[in-house]
Amino acid sequence: MASTPPHCSITANKRNQNHQKRCRRWTNHNVSLAKPPLPSSPHNAPKPGASTAATTNAQNQPFPSLATLQSQKSQLAADFSGRRRFVSKLHIGRPKSTLSIRHTLVAEEALQHVVLYGKDDQTLENVLLNFESRLCSSDDYTFLLRKLGDRGDSSKAIRCFEFAMRREKRKNEQGKLASAMISTLGRLGKVELAEAVFETALREGYGNTVYTFSALISAYGKSGYWNDAFKVFYSMEAYGLKPNLVSYNAVIDACAIGGVEFKKAVEIFDEMFKNGVQPDLITFNSLLSVCSRGGQWEAARNLFTELINRGIDLDIFTYNTIVDAFCKAGQMDAALEIISEMPGKNVLPNVVTYSTMVRGYGKAGRLDEALNLFNKMKFLGLSLDLISYNTLVSAFAMLGRFEEAWDVCKEMENSGIRKDVATYNALLGGYGKQRMYDEVREVFKEMKEACISPNLLTYSTLIDVYSKGGLYEEAMEIFREFEKAGLKADVVLYTALIDTMCKNGLVESAVTLLDEMTKEGIRPNVVTYNSIIDAFGLSAITQHVVDDAGEASEFQVKSSSSSVVQEATESRVTDREDDRIIKIFGKLAAEKASQENNCGRQELLCILGVFQKMRELEIKPNVVTFSSILNACSRCDSFEDASILLEELQLFDNQVYGVAHGLLMGYRENVWVQAQSLFDEVKLMDFSTASAFYNALTDMLWHYGQKRGALLVVLEGKRRQVWENVWSDSCLDLHLMSSGAARAMVHAWLLNIRSIVFDGHKLPKLLSILTGWGKHSKVVGHSALRRAVEALLTSMGAPFQLARCNLGRFISRGSVVAAWLRESGTLKVLVLHDDRTPPENVRVDQVSNLQMLPL
DNA sequence: GTAGGGTTAG
C-alpha cells in the first residue's frame, strides 16, 4: 500500500483548478507551505516608482522561494533570498535603451527586391548578386533572412543564408549568420533544418558559440521538443560554453511550450541563480507561461502577486499570460479583475488580451460575454486580426452555431483577412462534433480549393471524426493522405487512434499501440490512459486475435518490434508497411471486435499493466481517470475484481479511494465528511467533469447493491446542482445521468412526490420523467438509460408509460401517481437499502439530505 | 529568448 499518493492527481486536469491548495490538503508532503513574510497589503507593498529606499527594503525581504508556488521545495530557495541576487525593478522590465538598428537601408531595398523578383533560385541569386557589393556585413544578411522568416518564406531565407555563407570567410560572422538562420528556422517550426545548420556550423568550426546553442535550444523548444532543448542546454558545458540569460530563458520557455512541470522550470531557474545569471522579465513571463500551460493558475497567481509585491514593472506579456492562465482554468472573473487593473499600471489591454478573454468565455459557454468583448474590441478600434476572428469562429462552431461562424468568416474576409488552416480546423471540428459529415467533406474540399494545406491538427481532427463516426473508409483515406504529407504523428493523433480501437473492443491492440508510441519517444498523456481505462470491460481483448489470426495477430506480433504508425508514416513507406494501420481500419470496418466474448480476467491483468506503466511514466491521473476506474469497477465480473481496481485507485489518490471504498462498504457516517470535501473539490471543475464523476461513483454503488449510498450521492449531487435542474414537482430530467444515478434519482424524486401527497397537496396534472437518449447512448432509440428506467418503473409497479410522441419520456397523470403512492406497499419499494452495512451499525443518518426521506 | 486560435479521455 502506498503511504502517500505519489502526486496530487485530481488536480492534474487541465481544466482543473486549485492545484496547489489541493495538493497541500490531499497529500501530506512535508513541504513548508507557510507564506513567506512578504508585504502583501497594498500599503506596505513597494510600488512601481517607489523610492530607492523602498526598493532596498523590498530587496532585504527574502524573495519568496518559488517553492511556495509549487508543492516541492526548490533547493536553492535560500540562494534566491540573497540580496545580491534579488531581481529588482532596477534590473528588469526595462525596454532596451536604444533600438539597435544594425542593418543598412540597402538591406531593406534588397529585401523588397528579393520578395518581388526572387521567384526562383536563379532570379533570387541574380537579385542578391546585384546587391552584393552594397550589402555591408553579416548584419545586412541576417536582417534579410529574419525578415524572410517573418514572411514565412524559409526557402528564400535559406538561399540568402547560403549566398552569404559562400562569401563570408570570418568565423565569427559565419557564426552570427548561422545563429540567425537557426533561430529563423526554429520560429518557422523547421526544426530538422535548424538542426542541420547547427551541426554544420559545429563541424565547420563557427558554431561553437552561446548564440548558436541558444538558437537551437529555442528552435527545439518552439516545436515542443523540450527534451532535445534540455540536451543541448546541458551539453554547453562540454563545449566550454556558459549559458547566458538568453539560453536560460529559451530553455525555460521550452518547458512552457512542452508542458514540462513547473517544478522542473523552477529547478532551472534556481540553477540560473546559482550560476550568477540574473533573470529578467522575460524569464518571469516564461515561468508564468509554464504555470499557465500546465493549468496551474494558482501557482501563476502566486508568482504574479510576488512580482507585483516586489514592485517589478510588468509588461503586456506578463498580463496577457496571467489572464490566459485564468481563462484556461475557467476563472473568468479573476481574469477580468486583472484586466481592470491594467490601465492603472499603464499597460493597456491589446488584441491578444481580448482574444484570450473571448476564448475563455467561449470555452465557458458564456457566448454572450464573448460576443460583447469582441464588439468592445471593435469599438475600441483595436484592429482585429486572424486569431481574434478565428477565436470567435471556433466558439460558434464548437456550439454548433454554424451560420454565425460563417458570418464571422465573411466579416473577416471583408476586412481583407483570408481564412487560414486554423479557421478551417475550427469549422471541421465543429461539424465533426455535430456528426455533420457532408459539411465536413464540403469544408475540407473548400480548404483544398483555397490552397490551404491541412496540418497535423486537420488530419487528427478528421481521422478522429471519421473513425468515431464509424466511417473507417474515409478515416483510412485521410490517414493515407496524412502519410503522404510527411507529417509526424503526435500524442493527439495516437490517442485518437487508440480511443477508436478501445471503443471498438480492440483494447489489446490499443495497448500495443501505446507501447509503440512510447518507443517512438511520444509520451502518452493522461488522456491516452483514460481512454484505455475507460474501455475496460466493454469487450474482450484477446478473443479477436484468435478469431482473426491473419490480420490482427500479424499486426500485434510485428508491432511489438516495430512501430506501426511510424513505419506507415515514413516517407519511404511501402504498400506493405502502410497496410498495417490500414488493416486496423479494415478490421474496425468489419465490426468484428465488438461481438467477441468477454475475457474478464485477462483484461484485468492487461489493465493492471496499464496502471503500472502509467506510474512508471509518472503520468498524473486526474478526476477523469478516477471516474474511468469507478466505471471499470462497475463493469467487473465480481466484487473481488472491483476491489483489485479500487486498490489501484488507492495508489493514485487516497481520498477518492477512501470515499469510494467507504461508501461501497457501507461506512457512510465515517466517510461523509471526507466525501463532502471531495465533492467540494469536484464541484470546482467544469460541469461535465463533475457530473461524470458523480455518475461513475453512483453507478458503482448501485451496481454492487449499495443503493442507499447511491441515493445519498445523487441527492448530494442534486443539492450541488451537478446535473443542473434535475427535478420539479411535475418533471424529473435524467438526461445527463448515468443509469445507476438515474435510478437512484427516480427513487428520490418519487419519495419527494410522495411527501407532497402525504402533506395533503395535489400533484400536477401531468408528471414526466425525461431520459433523453441517455448520456452513453449513441444510437437513437437504443438508450440504455431509457431501458434501465423503464425496467425500474415496471419493477416498482409505478404507473408511468412511454409517451407516444417522445421515446425518451415517461408520463403519467398526477392523480394516478398519487393513488399509487398512497398504496400500502409503495413505500417499501421506494425506500432503498444497502446490501453491505458495517457491523456496528449506526443509527439514522444525520445527513441533512436524508432527513427529508421517510425512513 | 517572452503573450492570444484549432486536436485526444468523461
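Naming: A, B, ... by sequence-line order, numbering from 1 per chain. Please read these numbers as outputs of a predicted model, since none were measured by experiment.
Contact annotation: A:K222 side-chain N/O to B:dT2 OP1/OP2 distance is under 4.0 Å. For the OP1/OP2 pair of B:dT7 and a distance below 4.0 Å, the side-chain nitrogens and oxygens of A:K468 include no atom meeting the criterion. At B:dA3, none of the side-chain N or O atoms of A:K328 fall inside 4.0 Å of OP1 or OP2 (strictly under the cut-off). Remark: A:R187 is not in phosphate contact with B:dT2, judged by side-chain N or O atoms under 4.0 Å from OP1 or OP2.
Taking every side-chain heavy atom of A:D464 into account, B:dT8 is the closest of B:dA3, B:dT8, B:dG4. Of the candidates B:dT7, B:dA9, B:dT2, the closest approach to any side-chain atom of A:T461 belongs to B:dT7. Across B:dT2, B:dA9, B:dG4, the shortest atom-to-atom separation from the side chain of A:T356 is found for B:dG4.
Taking atom CD1 of residue A:I629 and atom P of nucleotide B:dA9, one finds them 18 Å apart after rounding to whole Å. Rounded to a whole Å, the CG atom of A:L428 is 12 Å from the P atom of B:dT8. Following rounding to the nearest Å, A:F304 (CZ) and B:dA3 (P) show an atom-to-atom distance of 17 Å. The CG-P distance, from A:N320 to B:dA3, rounds to 10 Å in whole Å. Per the geometry, CH2 belonging to A:W297 stands 20 Å off C1' belonging to B:dA3, to the nearest Å. Here the C1' atom of nucleotide B:dT2 and the CG atom of A:L307 are 13 Å apart, to the nearest Å. Rounded to a whole Å, the CG atom of A:L497 is 13 Å from the P atom of B:dT8.
With 3.5 Å as the limit, one finds no donor-acceptor pair spanning the side chains of A:T321 and A:S289. Side-chain contact, A:T353 with A:N350: a donor N or O sits under 3.5 Å from an acceptor N or O.
Across all strands, A:S214 comes closer than 4.0 Å to no nucleic acid atom at all (heavy-atom distances). Within 4.0 Å of A:V251, counting heavy atoms only, lies no atom of the nucleic acid at all. Contact annotation for A:A422: base contact, defined as any heavy-atom pair under 4.0 Å involving a base atom. The residue A:T321 sits close only to the backbone: its heavy atoms come under 4.0 Å of sugar-phosphate atoms, none of a base. In this structure, A:V351 reaches the bases: a heavy-atom distance under 4.0 Å links it to at least one base atom across the strands shown.
Between A:W226 and A:F230, the ring-plane angle classifies as perpendicular under the 30° and 60° cut-offs.
Considering only residues two or more places apart in sequence or on other chains, A:Y354 meets the ring-ring contact (aromatic ring centres under 6.0 Å, His included) condition with none of them.
Among residue pairs with one or both ends in residues 241-257 of chain A, none qualify as salt bridge (Lys or Arg N to Asp or Glu O under 4.0 Å); sequence neighbours excluded.
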